[in-house]
Amino acid sequence: MSLAEGRNACVVGAGFGGMALAIRLQAAGIATTVIEARDKPGGRAYFWQRDGFTFDAGPTVVTDPACLRELWELTGHDMDEDIELVPVSPFYRLSWPDGTHFDYSNDLEHLRREITRLDPADVQGYEAFQHYAAGVYEEGYVKLGSVPFLSFSSMIKAAPALAKYQAWRSVYSIVSKYIRNEKLREALSFHTLLVGGNPMKTSSIYALIHKLEMDGGVWWTRGGTNRLIAGMVRHFERLGGTMRLGDAVEQVETEGRRVTGVRTKSGWSGRFDAVASNGDIMHSYRDLLGASERGRKYARSLARKSFSPSLFVVHFGIEGTWPGIPHHSILFGPRYHGLLEDIYERGVLPADFSIYLHHPTVTDPSMAPEGMSTFYALIPVAHQGKLSLDWDKVGPQLARRVLDEVGRRLIPDIHDRVVTSFHYTPKDFSHDLNAHLGSAFSLEPVLTQSAWFRGHNRDDKLSNFYLVGAGTHPGAGIPGVVGSAKATAGLMIGDLS
Ligand SMILES: Cc1cc2nc3c(=O)[nH]c(=O)nc-3n(C[C@H](O)[C@H](O)[C@H](O)COP(=O)(O)OP(=O)(O)OC[C@H]3O[C@@H](n4cnc5c(N)ncnc54)[C@H](O)[C@@H]3O)c2cc1C
């Protein structure tokens, strides 16, 4: 029995981080209420059902399933009771406009053949890169991925490892140290984009994603990522937790240096021993804690930080099945460096783009009516602080251009096949998720905004206010926010005991 039993807590937001935290708290005997603004849980992992197609809004690549499994094992349950995970291979097919393609998986023999096909000289370099990735994975993920960085001294302790792995260098720079072929450099560095980072600027520590995928594989949840969230909710409720959907928290109430409870849009209010926010970090301080000096002050400091770009996503259901198009594809455009600069630095909408194409029906036909296919095509775009566009006007034109490109590369008569389609813009990220500047991944994952320099899992001044999710250590991505939940839960359970 936990010492924290008999205490209560509130988690604002039902994203992956919020749900993982809520499960950990409830499993420790803390009566936990999750309050979610939207009609469905999931946050970035929301979903829509239209004309018989299921469209997951966000995450599609599930890595490190062990970090999720742990949430069931805490109480002796088995994740397989609630969720069916299916392996995906190849992990990704990367292709370039000149017709070259590269299949990336953890079948090492096959991977070596793929590298040889692009550049035999890089096989040896790849082995050295693997060794590097294994080192940063051990230091950055296994040792530090789910511990809170509350003081600068915790950062000093990590310094030798950061120095050893030259963490000030970018992922692209480290990959280039080992690999000479430009296409292979792109293939081994693009992963940071999946957590909002520019491969040219994101710390080389993020090369750990390579090892994470190699060891843990890439998985799909049968029925979509939304089923993974549904399974987490089921498990949380089984443990006795309470979900409150469709009611945004408007204020986190404070008394001196403590929070006392929350008040929601519907007028509901509750008193809690502790409150954790899974909402956007700026929204949490500027809006939810806006009545307190602490909220206003920290929001001002956040306004000076750099946020990740946004995304433009075209969801489409089409007639026909496409066994030749793998589950995850990256269609690189003609430019890599220049395109990244347009998105991250210059803040312009480029004429060309690189597309991540999601094709779940090749693994899981249940995502579409029989004989049809579900897709989404995603492109990173600058956030609203850098690029101010009338998305209601630009959106439909851009959606057409994105589909044109998918048509040119893979599905020639795409427009004739569309049964249903819609798109999601930076404006939607702002509106639906209270995402600052419409950022898709919160604070940009650069070294100067990582670990202690990121949002702290427990607020420095309000002793029972906590954060969980992409804005806090270690950062975005399912394993990242589930790791942040472990760090935050450790603090909350300790503080409430
Ligand atoms: C399109 C896309 C694709 C991605 N693909 C992948 C992938 O393949 N693999 C991967 O690992 N990661 C991926 N990511 C990243 C990953 O999805 C996110 O980093 C992660 O899901 C964020 O989780 P979170 O815990 O920070 O919460 P969020 O998902 O941000 O959820 C926060 C929740 O808080 C709620 N909320 C906000 N304000 C309030 C309020 N005032 N009151 C009540 N509720 C509130 C919101 O409605 C939301 O439900 C992707 C992200 C996007 C956008």
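These figures come from a predicted structure and were not determined experimentally. Read the numbers this way: they start at 1 and go in the same order the structure lists the ligands and their atoms.
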Pull out every atom of ligand 1 sitting under 4.0 Å from any heavy atom of Val12, numbered as shown with elements.
40 (C), 42 (N), 43 (C)

Please tell me if the side chains of Tyr104 and His191 come closer than 4.5 Å, counting only heavy atoms from C-beta onward.
yes

Does at least one non-hydrogen atom of Ser484 fall below 4.0 angstrom from an atom of ligand 1?
no

Say whether Thr60, considering both its backbone and side-chain N or O atoms, lies within less than 3.5 Å of an N or O atom on ligand 1.
yes

Closest approach of any protein heavy atom to atom 10 (C) of ligand 1, naming residue and atom
Ile478 N, 3.6 Å

Any N/O pair Val249/ligand 1 closer than 3.5 Å:
yes

Crowded around Arg271 CZ? As in, over 12 foreign heavy atoms under 6.0 Å?
no

Any idea which protein heavy atom is nearest atom 2 (C) of ligand 1, and the distance to it?
Gly58 CA, 3.5 Å

Please tell me if the side chains of Arg263 and Trp268 come closer than 4.5 Å, counting only heavy atoms from C-beta onward.
no

Backbone, side chain, both or neither: what part of Glu250 comes under 4.0 angstrom of ligand 1, heavy atoms only?
neither

Assess whether ring-ring contact (aromatic ring centres under 6.0 Å, His included) is satisfied between His423 and His315, documenting all intermediate values.
CA-CA 6 Å; His423 55 269; His315 296 271; 9.7 Å; no

For Phe53 and Met367, what are the C-alpha separation, side-chain angles and deciding distance, and is it a side-chain contact (heavy atoms from CB on, under 4.5 Å)?
CA-CA 6 Å; Phe53 297 86; Met367 301 290 287; over 6 Å; no

Mark up the atoms of ligand 1 that fall under 4.0 Å of a heavy atom belonging to Gly43, in ascending order.
29 (O), 31 (O), 48 (C), 49 (O)

I want to confirm something. Looking only at heavy atoms, which of Ala470, Ala485, Gly13 is nearest to atom 26 (O) of ligand 1?
Ala470

Considering non-hydrogen atoms of the protein only, which is the closest contact for atom 13 (C) of ligand 1, and what is the distance?
Pro59 CB, 3.7 Å

Atom 1 (C) of ligand 1 sits nearest the protein heavy atom Leu311 CD1, 3.4 Å

Answer with yes or no whether Tyr376 contacts ligand 1, where contact means a heavy atom under 4.0 Å from a ligand atom.
yes

Those atoms of ligand 1 less than 4.0 Å from some heavy atom in Gly42:
29 (O)

With a 3.5 Å cut-off and no angle check, do the side chains of Asn226 and Asp56 form a donor-acceptor pair?
yes

Stepwise side-chain hydrogen bond (donor to acceptor under 3.5 Å, both in side chains) test for Asp39 and Tyr46
CA-CA 10 Å; Asp39 60 336; Tyr46 192 82; 2.6 Å; yes

For Asn434, take its heavy atoms, then give the atoms of ligand 1 lying under 4.0 Å from any of them.
37 (C), 38 (N), 39 (C)

Distance under 4.0 Å to a non-hydrogen atom of Leu288: what atoms of ligand 1 satisfy this?
41 (N)

Looking at atom 35 (C) of ligand 1, what's its closest protein heavy atom, distance included?
Glu36 OE1, 3.3 Å

What is the closest protein heavy atom to atom 9 (N) of ligand 1, and at what distance does it sit?
Val61 O, 2.9 Å

Would you confirm whether the ring centroid of Phe422 sits within less than 6.0 angstrom of the ring centroid of Trp48?
yes

Which ligand 1 atoms does Leu378 reach within 4.0 Å, using its non-hydrogen atoms?
1 (C)

Close side-chain approach of Leu410 and Leu357, heavy atoms under 4.5 Å
yes

Using the benzene-type ring in the case of Trp, are the ring centres of Tyr92 and Phe190 under 6.0 Å apart?
yes

Using heavy-atom distances, let me know which of Ala14, Ala37, Gly17, Ser310 sits nearest atom 25 (O) of ligand 1.
Gly17

Nearest heavy atom to atom 18 (C) of ligand 1 wins, so pick from Ser284, Gly477, Gly279, Gly480.
Gly477

Check: Trp220 ring centroid to His327 ring centroid under 6.0 Å:
yes

Any nitrogen or oxygen of Arg38, main chain or side chain, under 3.5 Å from a nitrogen or oxygen of ligand 1?
no

Atom 30 (O) of ligand 1 - nearest protein heavy atom and its distance:
Arg44 NH1, 2.7 Å

Below 30° counts as parallel, above 60° as perpendicular, anything between as tilted: where do the rings of Tyr356 and Tyr376 land?
perpendicular

Is Arg454 reaching over with its side chain to a backbone N or O of Leu443, donor-acceptor style, under 3.5 angstrom?
yes

Taking the six-membered ring for Trp and the full ring for Phe, Tyr or His, determine whether the centres of Tyr424 and Phe429 are under 6.0 Å apart.
yes

Heavy-atom side-chain proximity of Val314 to Leu403 below 4.5 angstrom:
yes

Could you list which atoms of ligand 1 come closer than 4.0 Å to a heavy atom of Ile35?
43 (C), 44 (N)

The closest protein heavy-atom partner of atom 32 (C) of ligand 1 is Asn278 O, 3.4 Å

Where does Ala57 meet ligand 1, judged by heavy-atom distances below 4.0 Å: at the side chain, the backbone, both, or neither?
backbone

Show which atoms of ligand 1 fall inside a sub-4.0 Å distance from at least one heavy-atom site of Ala248.
42 (N)

Can you tell me if Tyr46 contacts ligand 1 (heavy atom of the residue under 4.0 Å from the ligand)?
no

Please check if atom NZ in Lys40 has more than 12 non-hydrogen atoms from other residues, nucleotides or ligands closer than 6.0 Å.
yes

If we only consider heavy atoms of Ser277, is any one of them less than 4.0 Å away from an atom in ligand 1?
no

Is there a polar contact, in the sense of an N or O pair closer than 3.5 Å, between Ala45 and ligand 1?
no

Which heavy atom in Leu85 sits nearest to a heavy atom in Pro65, and how many Å separate them?
CD1-CB, 3.6 Å

